[in-house]
Amino acid sequence: MLYPFGYGLSYTTFEQTMENFTDNGDTVSFDVTVTNTGTVAGKDVVEVYYTPPYTNGGIEKASVNLISFEKTDTLEAGASQTFSFEIAKEDMASYDSNCLKTENGSYVLEAGEYTVSIRSDSHTVLDEASFTVDADIDYSVTGRSSDDTAAVNQFQDYSTGNVTYLSRADGFANYDEATAAPDESEYLMDDETREEVSAHSVAYYDSTLYDDDSDEMPTTGADNGLTLADMMGLDYDDPQWDSLLDQLTVDDMINMVNLGGFQTVAVDSIGKVGTLDSDGTSGLNDWYIGVYGTAYSTELLIAQTWNKDLAYRIGVAEGAEYADCGIYGTYSPAMNTHRSAFCGRNFEYYSEDGTLAGYMAANTVNGLASQGVYAYIKHFVMNDQETNRCSMLLTYSDEQAIREIYLKPFEICVKNCETGTYAVMSSFNFIGYKWCGANSDLLNDVLRDEWGFRGMVLTDWNGSYGYQNTDDAVRNGNDAMLGFFSYESNQITNTSASLVTAMRQACKNICYTVVNSGNYTLAEETSGLDNMTSLFLTIDVIIAVALVLVEAIVLIRWRKKSKAAD
């Protein structure tokens, strides 16, 4: 390994020392002093790692794990800077997906010695200190302080697939088996998986199978005299939301969940304005309506700076350009984990490390929010390849890897978003046999219940790929479709109490996100927004009408030719 993770060069040299290491019970704290020992000015990164105890055949663990980092200011030759760190021990817990020490899976901080180190890269130790955990801590019982509800297995039953996973047991004794090329039979979809996938495809999806006869039809079309603006700043659980949502008609809800392409639609019954969303991830890039801003550095390059403050300032600058255009939603930042140097989306993703990606993303989102812009963090989750990613790509992984690698940047981002609102863009791919855009385990149990997310979830591009059912999506925590209501998969034919209740919740999430964004909080400062939105929606209508006319003309000509032939 010539260039380990975290490796970097400088025109000067630095010395780092760890001081005042203290075990505080639930946390450990220490200071790190960085001194420029060279002859010219420069910056350095403090990289903090931990090494947990490993029991042969027990819960799998990496031997070195990044847990925190900071970037120095520019230090002149001979100058020093000191950082103070306080790290929660629960953040060093490992996920027990195979239930070796938990009943239903959860995070466990195992007994033993933990070493905290500062390193110049993941291989090179500069200084270190240790602490001991006397007895296992099972967080399925106590819960982690950062979670709303305790984490338990959500994906393990259907995510693992027919795969041998590498283990550290007996010195990676199963290495040959775990890394061997699969035989042809392992590529074949088993009957159970085929049945599950088919049941949710457009051709075979039966909406009525998911109705609950005990559900009551919500109130619709009420006249309670409220507008969405009245909800600005109110808590997500404020009872006034119910009064507002009672004013929606079923058609209002269908339009709101289906017309999510670069916009959220205007809804007269609640006085909701139409709003605009645009593509990121490196600045305003609205190829749909032809509005462009500064082309900022790719997320890959931004992550290489290890500079949280820089990520925040980029978010502020990008957000200012969005706000200047009256656009307060951005399809960014993206934070999936780099799996291969050949992935077509690597430029959009920060890193191969969830901790680095998560904190850089959180700072960018906070910068955007400071300008009233809500970020759609994406692609949630395990969008690990570009080729065939929208062709029913079934991705398999052990739940421990899902949580400790793939969900990690999203979790850190969600838990460190400090101001404003933000959103989530789900991904094309499946976890096992469940599409991420209709996966309640992911979107409700983990994102909302465990992490406490409040906001809207939007699909990736809704191009009618045979499985992106609006009905299926809204029942499982995905609130809006990134499209224009133009495919068979978008048609709502079942308006049962169950589905209407699901759409009502989706509309609440959309409205909560929009009303707490610059669309409302900065409305008096936004000139031309209503005109831009009206123009945007009018263009949609004109295009749709034009397509209908073209089809009609073609049909008339065909009929004339047919008569002439007769």
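No hydrogens, no waters, no symmetry mates; every other heavy atom, side chains included, goes into these values. Numbering of residues begins at 1 and proceeds along the displayed sequence.
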Original post:
Under 4.0 Å between a Lys/Arg side-chain N and an Asp/Glu carboxylate O for D479 and R448?
Top reply: yes
Subject >> Stepwise side chain to side chain contact (heavy atoms under 4.5 Å, CB included) test for Y350 and L356 >> reply: CA-CA 8 Å; Y350 288 104; L356 177 59; 5.9 Å; no
Original post:
When you look at W287 and F262, which way does the ring pair (Phe, Tyr, Trp, His ring centres under 6.0 Å) test go after all the steps?
Top reply: CA-CA 10 Å; W287 51 270; F262 304 93; 5.2 Å; yes
**OP:** Begin with the C-alpha distance, continue with both residues' side-chain angles, and end with the deciding distance and a verdict on ring pair (Phe, Tyr, Trp, His ring centres under 6.0 Å) for Y205 and Y467.
**Re:** CA-CA 9 Å; Y205 181 73; Y467 59 88; over 10 Å; no
Original post:
Should the heavy atoms of other residues, nucleotides or ligands under 6.0 Å from CG of D237 be counted, would the total exceed 12?
Top reply: yes
Subject >> Full working for side chain to side chain contact (heavy atoms under 4.5 Å, CB included) between N366 and C417 >> reply: CA-CA 6 Å; N366 287 332; C417 287; 4.0 Å; yes
Original post:
Taking NZ, NE, NH1 and NH2 as the nitrogens, is one of them in R504 or D246 under 4.0 Å from a carboxylate oxygen of the other?
Top reply: yes
Original post:
Can the positive tip of K508 be found less than 6.0 Å from the middle of the six-membered ring of Y236, inside 45° of the ring normal?
Top reply: yes
Original post:
So do E348 and E386 actually touch side chain to side chain, heavy atoms under 4.5 Å?
Top reply: no
Subject >> Ion pair D147/K415, N-O distance below 4.0 Å >> reply: yes
**OP:** Could you point out which residue of R339, K378, H379, H338 forms a side-chain hydrogen bond (donor to acceptor under 3.5 Å, both in side chains) with Y349?
**Re:** H379
Original post:
Hey, is D460 close enough to R389 for a salt bridge, meaning N to O under 4.0 Å?
Top reply: yes
Original post:
Between E411 and K408, is the closest basic N to carboxylate O distance under 4.0 Å?
Top reply: no
Subject >> For Y422, the option from F453, Y512, Y374 that meets ring-ring contact (aromatic ring centres under 6.0 Å, His included) >> reply: F453
**OP:** Rounded to the nearest 0.5 Å, what's the gap from CG on N307 to CZ on F69? Could you check?
**Re:** 9.0 Å
Subject >> Over 12 foreign heavy atoms within 6.0 Å of CZ, R345 >> reply: yes
Original post:
Which one of N255, T495, L499 satisfies the side chain to side chain contact (heavy atoms under 4.5 Å, CB included) criterion with V250?
Top reply: T495
